Amino acid sequence: MPENDQQYEFSEFSGEFVDDDMMVVIGIYRPAGTNLDWTLEVVDQEGYSTVWDDSFATDREAFEEFLATIQRDGIHSFLEQSIHSVH
């Protein structure tokens, strides 16, 4: 998740997600006080981060993309690599 001095607004869709006995943390966020697009980030149990290259107009769209990725590739796809990005 972001670690600089910038303040972020986190979506209500952010939080822990468990599937197939594996847990990841979903971060859907944007700079606080803005109407900018949302960033989607998933952090695995080892602390490795997956960040989507594309941003999302709504936090719901970001969450739906996460769910589609889980359905298509499985939750283990987040655990197979260290830091990487997704289109």
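Residues take their numbers from the sequence shown, with the count starting at 1. Quick caveat: nothing in here was measured; it's all calculated off a predicted structure.
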Practice task
Decide yes or no on side-chain contact (heavy atoms from CB on, under 4.5 Å) for Asp59 and Phe10, but give the supporting numbers first.
Solution key: CA-CA 9 Å; Asp59 57 344; Phe10 283 83; over 6 Å; no
Practice task
Look at the rings of Phe78 and Phe66 and say which category their plane angle falls in: under 30° parallel, 30 to 60° tilted, over 60° perpendicular.
Solution key: parallel
Problem - Inter-residue atom distance Thr69.OG1 - Glu64.CD, 0.5 Å rounding - result: 12.0 Å
Completion exercise
Heavy-atom nearest pair, Phe56 first then Leu40, reads CE1-CB, 3.7 Å
Exercise for the section: Begin with the C-alpha distance, continue with both residues' side-chain angles, and end with the deciding distance and a verdict on side-chain contact (heavy atoms from CB on, under 4.5 Å) for Arg30 and Asn35. Expected result: CA-CA 8 Å; Arg30 66 182 175 188; Asn35 286 323; 4.2 Å; yes
Fill in the blank from the handout: Nearest heavy-atom contact between Asp37 and Ala57 is OD1-CA, 3.5 Å
Exercise for the section: First locate atom CD1 of Ile28, then atom OG of Ser55, and finally report the distance between them rounded to the nearest 0.5 Å. Expected result: 12.5 Å
Fill in the blank from the handout: When every non-hydrogen atom of Trp52 is compared with those of Val42, the smallest separation belongs to CZ3-CG2, 3.7 Å
Completion exercise
Nearest heavy-atom contact between Pro31 and Tyr8 is N-CD2, 3.9 Å
Handout entry: Check: Val43 main-chain N/O paired with Ser49 side-chain donor or acceptor under 3.5 Å
Key = no
Practice task
Can you measure from CG (Asp44) to NE2 (His76) and round to the nearest 0.5 angstrom?
Solution key: 12.0 Å
Problem - Connected via hydrophobic side-chain network under 4.5 Å: Trp38 and Leu36 - result: no
Handout entry: 4.5 Å side-chain heavy-atom contact, Leu67 and Phe13
Key = no
Handout entry: Check: Asp20 side chain, Met22 main-chain N or O, donor-acceptor pair, under 3.5 Å
Key = no
